[in-house]
Amino acid sequence: MVGGGQLARMTHEAGIPLGIRFKLLSDTPQDSAAQVVSDVVIGDYRDLDTLRDFARGCDVITFDHEHVPTEHLRALEADGIPVRPGPGALVHAQDKGVMRARLDAIGVPCPRHRIVSDPADVAAFAAEGLPQGAEGAGGAEGDGFPVVLKTVRGGYDGKGVWVVDNVAQAEEPFRAGVPVLAEEKVDFVRELAANVVRSPHGQAVAYPVVESQQVNGVCDTVIAPAPDLDRGLALKAEEMALSIAKELDVIGHLAVELFQTRDGRILVNELAMRPHNSGHWSMDGAITSQFANHVRAVLDLPLGDPRPRAPWTVMVNVLGGDYPDMYSAYLHCMARDPQLKIHMYGKDVKPGRKVGHVNTYGDDLDDVLERARHAAGYLRGTITE
Ligand code: ADP
């Protein structure tokens, strides 16, 4: 696996019972996965020679992030190394412009969007969204702002995303020199994620659609399955994710981040082709976790059952707080809730950084939510009793 973050750490963990020999390319020995994997190469994934040396002798290469340059992946394939997901699929998770164009072509509903060239073009894009005849009319419809701007590459956890209210604010995203995608600001009631896993044989499984709650652009809470989601809409979202996986020839885990709009539609926000934060609940809440299924998929083994073990599972991320030592909180958390599952990533605690997550499950959603939120807050230090 290329990339030494927590996703690699948890993928490694899922491979252990299967006796999979797991080799890691990590930036530093301190990275989350590098701390626990025995076969680690320290190096830069942007360097083709490093990648080639790393890949020699591997049966298959997969990733904990989407940043390996497409041309390097094509070179590995030319060397005869199976790359899963392959570069042709992965580019849709690397480049939001490519992703939007392809989803349009296969008829998947997305927010209104187009690539914009400068702030004046952003204003034109905003005006294009006004009801016919309203342009320049002022009043409640105004000028079509706010607009969401995104650099097509390199964003994560809300970085590389701007909500702009006027032309002056639209200057900033263009400074990076990367193409900028403009999108309508979707009036969503909540964010959902449809997670699926697909193998080279074409077998695919769908996890129940989950609700994903963000705080300051960072995933905070995931509820599986999404509460009160209309059954028809849930099926539609699962089918959409399965068809995206098939059309794009995704191998491994695919997360499709979705907006549920006020008028009952589902729009695709973005794609991630690797295990994903919205699937962490599955480690304790599903019969087969996203990590175990990702391993099975990239090795072309039959996939495991994605169904939930309990009516409700809640995942809450543990962010770094003011206390560097979270271990001392274990005593209270474990004693208070013997069913609590804690997953810590071995990362240094820095304020706001994702350093772990907790999972809880049970029959009563309010109780399950309260237990997960309490544990995450106590670990972080925002709750003290
Ligand atoms: P990242 O690469 O950081 O994951 P996203 O495209 O997922 O970027 O955007 C981050 C967050 O910004 C989303 O989770 C959502 O809350 C908000 N957002 C993104 N695009 C839109 C949009 N078109 N309309 C409204 N909110 C959006």
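Residues take their numbers from the sequence shown, with the count starting at 1. Remember, it's 1-based here, ligands and their atoms both numbered in the order they're listed.
- Side-chain contact annotation: Q94 with T70, donor-acceptor N/O pair under 3.5 Å present.
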Q: Apply the test side-chain hydrogen bond (donor to acceptor under 3.5 Å, both in side chains) to residues T11 and H294: give CA-CA distance (whole Å), side-chain angles for both, the deciding distance (0.1 Å), then the verdict.
A: CA-CA 8 Å; T11 306; H294 185 75; 5.9 Å; no

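- In this structure, atom 19 (C) of ligand 1 lies nearest to the protein heavy atom K150 NZ, 3.4 Å.
- Closest to atom 21 (C) of ligand 1 among all protein heavy atoms lies F259 CZ, 3.5 Å.
- Regarding atom 3 (O) of ligand 1, its nearest protein heavy-atom neighbour is G158 N, 2.5 Å.
- Among protein heavy atoms, the minimum distance from atom 9 (O) of ligand 1 is reached at V161 CG2, 3.7 Å.
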Q. Yes or no on side chain to side chain contact (heavy atoms under 4.5 Å, CB included) for M1 and F63, after CA distance, side-chain angles and deciding distance?
A. CA-CA 5 Å; M1 188 170 243; F63 312 93; 5.6 Å; no

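- Side-chain contact between S282 and F291: absent, with no pair of heavy atoms (C-beta onward) separated by less than 4.5 Å.
- Proximity annotation for atom 16 (O) of ligand 1: of E191, R190, Q214, E191 comes nearest, heavy atoms only.
- A salt bridge links R336 with E370; the closest basic N to acidic carboxylate O contact falls under 4.0 Å.
- Near V186, the atoms of ligand 1 lying under 4.0 angstrom from a non-hydrogen atom of the residue are 22 (C), 23 (N), 24 (N), 25 (C).
- The contact set between ligand 1 and E184, taken as ligand atoms under 4.0 Å from a residue heavy atom, comprises 22 (C), 23 (N), 24 (N).
- For atom 11 (C) of ligand 1, the nearest protein heavy atom is 4.0 Å or more away.
- Other residues, nucleotides and ligands contribute only 12 or fewer heavy atoms inside 6.0 Å of the NZ atom of K236.
- With a 4.0 Å heavy-atom cut-off, ligand 1 is reached by no atom of V163.
- Below 4.0 Å from some heavy atom of F188 lie the following atoms of ligand 1, by number and element: 16 (O), 25 (C), 26 (N).
- Taking every non-hydrogen atom of E257 and a distance limit under 4.0 Å, the qualifying atoms of ligand 1 come out as 7 (O).
- Aromatic ring orientation, H12 versus F22: tilted (interplanar angle from 30° to 60°).
- The number of heavy-atom neighbours closer than 6.0 Å to CZ of R307, taken from other residues, nucleotides and ligands shown, is 12 or below.
- In this structure, atom 2 (O) of ligand 1 lies nearest to the protein heavy atom K96 NZ, 2.8 Å.
- For D322, the CG atom sits in a loose shell: 12 or fewer heavy atoms of surrounding residues, nucleotides or ligands are nearer than 6.0 Å.
- Not a single heavy atom of H113 lies less than 4.0 angstrom from ligand 1.
- For atom 27 (C) of ligand 1, a protein heavy-atom neighbour is found at a distance under 4.0 Å.
- In terms of protein heavy atoms, atom 4 (O) of ligand 1 is closest to E270 OE2, 2.5 Å.
- When N277, T221, D220 are each tested for a side chain to side chain donor-acceptor pair (under 3.5 Å) with N317, only one passes: N277.
- The nearest protein atom to atom 7 (O) of ligand 1, hydrogens excluded, is given as N269 ND2, 2.9 Å; this is a heavy-atom distance.
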